[in-house]
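Notes to accompany the following structure.
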2 protein chains.
Amino acid sequence: MRLMGVLKGQHAGYRERLIVANGLKLRAFDLGRQATSADVIYDALRDAIIRGELEEGEALRQDTIARMFNVSRIPVREAMQRLEAQGLVISERYKGVVVASLSHEQITEIFQFRALVEPSVIEMAVPLMSAKSLEQAQYYCDAFGAETDPERWGDLNRHFHNCLYVDCDKPYYLSVIDKTNDLVERYVRLVLYLTQGMRNAVAEHQAILDACVAKKPKQAAELTRQHIDKAGKTLVSYLRDHTRK
Amino acid sequence: MRLMGVLKGQHAGYRERLIVANGLKLRAFDLGRQATSADVIYDALRDAIIRGELEEGEALRQDTIARMFNVSRIPVREAMQRLEAQGLVISERYKGVVVASLSHEQITEIFQFRALVEPSVIEMAVPLMSAKSLEQAQYYCDAFGAETDPERWGDLNRHFHNCLYVDCDKPYYLSVIDKTNDLVERYVRLVLYLTQGMRNAVAEHQAILDACVAKKPKQAAELTRQHIDKAGKTLVSYLRDHTRK
DNA sequence: GTTTGCATAATTGTATCCAATCTACAATAT
DNA sequence: ATATTGTAGATTGGATACAATTATGCAAAC
């Protein structure tokens with residue numbers, strides 16, 4: 001039974017949640033959080049952008065997208081307003097919106113930012129980390145190493161890191177990290193593809209995870225910092241060598 | 001001559017910028033950045049929210065706002081989509097949007113986040129800081145101390161800090177800081193009002209500025225961290241004492 | 001060949017209209 | 001009285017329609 005599809009995805013700003021009524025044992029959803037057309041379209045476009053399925057600079061025509069989803073342009077425009085607010089597209093009046101692209105300098109800056117925030121979060125998370133999160137992290141770590149489908153590397157990488165962050169109990173930090181990663185994910189995926197999965201990343205992941213298991217917050221933070229720093233530098237140098245621009 | 005009014009304000013996601021064509025010495029605007037109705041309404045609503053002119057939890061009726069700006073509900077809805085993406089309002093399907101409110105825990109978290117990011121930015125900015133920025137900072141610092149109109153304290157405080165950040169040459173950091181400050185600004189203003197301007201803040205501001213003038217990045221960063229930490233704690237304790245909830 | 005001047009087609013921005021849903025209050029039952 | 005149900009008006013989500021602007025194609029002029 002797929003009910004989640006009709007609720008606002010978490011990227012539209014909402015968490016799916018089961019509400020249990022007063023004395024009534026009934027698995028009820030908060031239908032006030034039903035997804036609008038704009039929600040669905042936002043999630044789909046966001047996904048396509050961060051997965052790199054839409055090229056940077058590619059135009060998003062309202063009418064084309066409206067027809068794809070069998071809706072009018074109104075909800076499409078609303079989705080685009082959100083994408084623009086998140087920095088995923090850029091719009092110019094009467095010209096339309098295009099998928100945002102980042103210069104090497106911008107990518108470098110964003111990785112520098114991640115290298116500041118994410119270590120801080122993992123440090124706070126370690127003391128609170130549940131066995132389940134650690135288990136999941138190990139699962140994603142192994143899966144990342146074993147996966148052969150390039151399309152999946154990006155997901156597994158991100159899931160792994162998320163597992164080590166979620167228990168920090170700092171929703172604002174997490175939302176910033178999420179939005180920040182959205183902006184560079186397409187490039188991360190590209191380089192994961194070009195480098196055939198950055199095999200050495202697995203060892204770094206395992207080292208971070210080990211530090212978490214050993215309840216060493218500072219060490220986990222420092223390893224995370226190094227990991228992000230290295231990933232950023234590798235990424236930009238690969239982009240310089242392997243792409244025009 | 002006021003041309004800027006017809007351009008997208010920077011909070012709509014754009015910086016006003018003079019584009020000089022190829023070999024042609026001509027002061028030309030990028031007219032693609034003309035403001036739409038949605039841009040204007042977004043800026044106005046955002047402003048009203050962060051200034052605390054709209055109470056937290058207050059409903060924003062599409063029709064009411066549309067009539068105020070003499071437009072249809074369409075651009076109003078688009079503005080609201082952006083506000084929601086920035087976390088300034090919360091919307092529920094068929095119920096409408098309300099001004100977002102933050103719990104004390106959320107405010108605490110956001111100040112903790114600021115205390116991580118802003119010191120890092122000022123540290124990067126100090127070596128690059130222009131005489132003009134330092135001058136402006138001193139101006140706003142003094143103005144903050146001398147100002148008697150409570151409405152202005154919030155602006156002056158924020159302008160002061162901004163002066164010390166802008167030269168860091170890290171647009172992404174700055175955009176995150178800006179959006180983060182937007183979320184707590186209404187509470188900062190409230191407490192500035194309740195504490196009659198937090199007179200002791202002026203001394204802290206001057207100390208930060210002095211460290212910048214003396215080109216001591218680490219010291220400026222540490223003072224900034226303390227300043228934000230203290231401001232956050234003062235703010236939350238005042239909110240606990242002086243507001244219901 | 002390149003530039004200029006339209007006419008036309010595409011595309012976006014916004015107004016108007018309708019259907020779905022919520023809210024508030026009256027009507028009814030307990 | 002209190003709780004429940006029904007209904008009218010308010011409000012939102014979205015489709016359609018139209019206006020404003022930009023992009024394109026093509027002929028005329030240089």
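As a basis for the values below, the full set of heavy atoms in this structure was taken, side chains included, without hydrogen atoms, waters or symmetry mates. Throughout, a chain's letter reflects where its sequence line sits, starting with A, and its residues are numbered from 1.
- Closest to the B:Tyr94 side chain, of the nucleotides C:dT14, D:dT22, C:dA20, is C:dA20.
- Distances from the side chain of A:Arg61 to the nucleotides C:dT14, D:dT16, C:dT11 place C:dT11 closest.
- In this entry the distance linking CZ of A:Arg67 with P of D:dT16 reads 13 Å, nearest Å.
- Contact annotation: B:Thr36 side-chain N/O to C:dG13 OP1/OP2 distance is not under 4.0 Å.
- A:Arg73 contributes no side-chain N or O that forms a donor-acceptor pair with the base of D:dG14 under 3.5 Å.
- Atoms CG (A:Asp63) and C1' (D:dA17) sit 14 Å apart, rounded to a whole Å.
- For the pair B:Asn70 CG and C:dA15 P, the interatomic distance rounds to 8 Å; values are reported in whole Å.
- The separation between B:Ile74 atom CD1 and D:dT16 atom P is 13 Å, rounded to whole Å.
- Note that A:Arg46 lies outside the cation-pi zone of A:Tyr42, set by a 6.0 Å cut-off to the ring centre and a 45° limit from the axis.
- Ranking C:dA20, C:dA15, C:dT14 by closeness to the B:Val71 side chain, first place goes to C:dA15.
- Taking 4.0 Å as the cut-off between side-chain N and carboxylate O, A:Asp182 and A:Arg158 count as a salt-bridged pair.
- Look at CE on B:Met80: it is 16 Å from C1' on C:dT14, rounded to the nearest Å.
- When the nucleotides D:dT16, D:dG13, C:dG13 are ranked by their closest atom to the side chain of A:Arg77, C:dG13 comes out on top.
- Listed pair B:Ser72 / C:dA15 meets the phosphate criterion, a side-chain N or O lying under 4.0 Å from OP1 or OP2.
- Taking a cutoff of 4.0 Å between a charged side-chain nitrogen and a carboxylate oxygen, A:Asp39 and B:Arg93 do not qualify as a salt bridge.
- Rounded to whole Å, atom C1' of C:dG13 lies 8 Å from atom CD of A:Gln62.
- Ion pairing between B:Glu78 and B:Arg82 fails under the 4.0 Å rule for side-chain N and carboxylate O.
- Here the P atom of nucleotide C:dA15 and the CD atom of B:Glu78 are 10 Å apart, to the nearest Å.
- A distance of 14.0 Å separates CZ of A:Arg114 from CD of A:Glu109, quoted to the nearest 0.5 Å.
- Picking from C:dT12, C:dC17, C:dA15 the nucleotide with the shortest atom distance to the side chain of B:Pro75 gives C:dA15.
- Look at CD on B:Glu92: it is 21 Å from P on C:dA20, rounded to the nearest Å.
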